[in-house]
Amino acid sequence: MFRIHLLFAVCMSLVLSGCSHLYSSSQNGPVTKIPEVKRIAVLPLDRARIKPGQEKATCALTDTVFDVSEVPEEASLELTRVLFDLLKNKSNFFPVPEGQCVGFLSSLIESNVKASQIRLIQAFGRDLGADAVLYGVIYRYHERMGGDYAASKPASVAFALHLIRVQDGKVLWHYNFDETQRPLTSNLFKFGLFKETGMKWVTAEKLGEIGLKRAVQDLLNRLP
């Protein structure tokens with residue numbers, strides 16, 4: 001059985017490059033409200049396709065450049081669990097198990113191998129009765145080397161989340177997270193991150209969890 005990220009790799013770049021008009025940018029701009037979407041399907045987090053020797057990748061949606069690395073399958077499974085947990089009690093979000101995603105997309109591609117990614121996303125959302133689909137990609141996942149108070153190599157995580165409207169394929173919202181934990185003395189502006197980590201050197205899983213919590217809070221703040 002092939003995983004969902006292999007299916008999305010078929011044509012994701014074509015779709016995202018075609019949806020360049022974002023309703024809102026997420027991290028540093030004003031809190032712009034998103035048009036009402038009553039039912040949002042949450043997909044398992046995807047992993048960026050990295051070629052041997054590739055060091056950087058550009059998000060086709062936002063033109064954001066990420067330092068990249070091969071992302072372990074276990075990392076996407078763990079961060080997907082965190083994302084699903086963060087949204088499980090939100091009535092307008094419903095997480096979609098990976099098995100269901102693979103089964104649906106596999107059958108859809110078999111019936112129409114030339115389907116564009118935008119039609120795949122829209123068909124997927126319509127099949128589930130969703131108004132929008134939350135889709136994310138992990139670009140980097142470096143594990144910490146060392147312990148809580150002495151790390152020779154810090155954790156480093158990068159991902160992007162996108163909210164895609166089913167009706168027309170428009171990207172309503174996006175959030176980029178790109179963090180490498182560094183000593184507080186090297187960047188006093190990162191005090192907020194150290195406050196969240198309890199002044200410890202965190203694992204990649206914990207760093208990713210912090211990023212997902214920020215992203216989900218930002219999304220919730222922008223929904224009507």
- Query: From I164 CD1 over to K170 NZ, what is the distance, rounded to the nearest 0.5 angstrom?
  - Reply: 13.5 Å
- Can you find a pair of side-chain heavy atoms, one from L223 and one from V37, that are under 4.5 Å apart? yes
- Query: Could you go step by step and tell me if L161 and W173 meet the side-chain contact (heavy atoms from CB on, under 4.5 Å) rule?
  - Reply: CA-CA 8 Å; L161 291 179; W173 168 91; 3.7 Å; yes
- Query: Got V137 and D46 here, is their nearest side-chain heavy-atom distance under 4.5 Å?
  - Reply: yes
- Query: Roughly how far, to the nearest 0.5 Å, is CG of L212 from CZ of F84?
  - Reply: 11.0 Å
- Quick one: are Q100 and L128 in side-chain contact, heavy atoms under 4.5 Å? yes
- Side chains of L87 and L134: does their closest heavy-atom pair fall under 4.5 Å? yes
- Message: Side chains of E205 and R81, heavy atoms from C-beta outward: is any pair under 4.5 Å?
- Response: yes
- Task: Find the distance between OH (Y141) and CG (L79) and round it off to the nearest 0.5 Å.
- Result: 5.5 Å
- Item | For A158, side chain to side chain contact (heavy atoms under 4.5 Å, CB included) partners two or more places apart | F66, Y139, R140, D178
- Supply the atom-to-atom distance R165 CZ to L172 CG, rounded to the nearest 0.5 angstrom. 5.0 Å
- Item | Closest approach of Q122 to Q167 (non-hydrogen atoms, all atoms of both residues) | NE2-O, 3.1 Å
- Query: Which heavy-atom pair separates L45 from S76 by the least distance, and what is that distance?
  - Reply: O-CB, 3.8 Å
- Item | P72 side chain reached by E143 side chain, heavy atoms, under 4.5 Å | no
- Query: Do you know which two heavy atoms are closest between E73 and R47, and how far apart they sit?
  - Reply: N-NH1, 3.4 Å
- Query: Could D218 and R214 be called an ion pair, given the rule that one side-chain N must be under 4.0 Å from one carboxylate O?
  - Reply: no
- Task: For residues H142 and T180, determine if any side-chain heavy atom of one lies less than 4.5 Å from a side-chain heavy atom of the other.
- Result: no
- Side-chain donor or acceptor of N221 paired with backbone N/O of Q217 under 3.5 Å: yes
- Nearest heavy atoms of G125 and V133, plus distance in Å: CA-CG2, 4.1 Å
- Query: Looking only at heavy atoms, what is the nearest atom pair of G129 and R39, with distance?
  - Reply: O-CD, 2.9 Å
- Item | Heavy-atom pair with the smallest gap, counting every atom of F93 and L220 | CE1-CD2, 3.8 Å
- Quick note, ring-ring contact (aromatic ring centres under 6.0 Å, His included) partners involving residues 205-224, not counting sequence neighbours, are none
- Note on the structure: Value for CD (E55) from OG (S69), rounded to nearest 0.5 Å, stands at 11.0 Å
- Task: Apply the test side-chain contact (heavy atoms from CB on, under 4.5 Å) to residues C59 and H174: give CA-CA distance (whole Å), side-chain angles for both, the deciding distance (0.1 Å), then the verdict.
- Result: CA-CA 11 Å; C59 175; H174 75 276; over 6 Å; no
- Item | Passing option when L163 is tested against V42, I40, V171 for side-chain contact (heavy atoms from CB on, under 4.5 Å) | I40
- Query: Are any non-hydrogen side-chain atoms of T58 and K56 less than 4.5 angstrom apart?
  - Reply: no
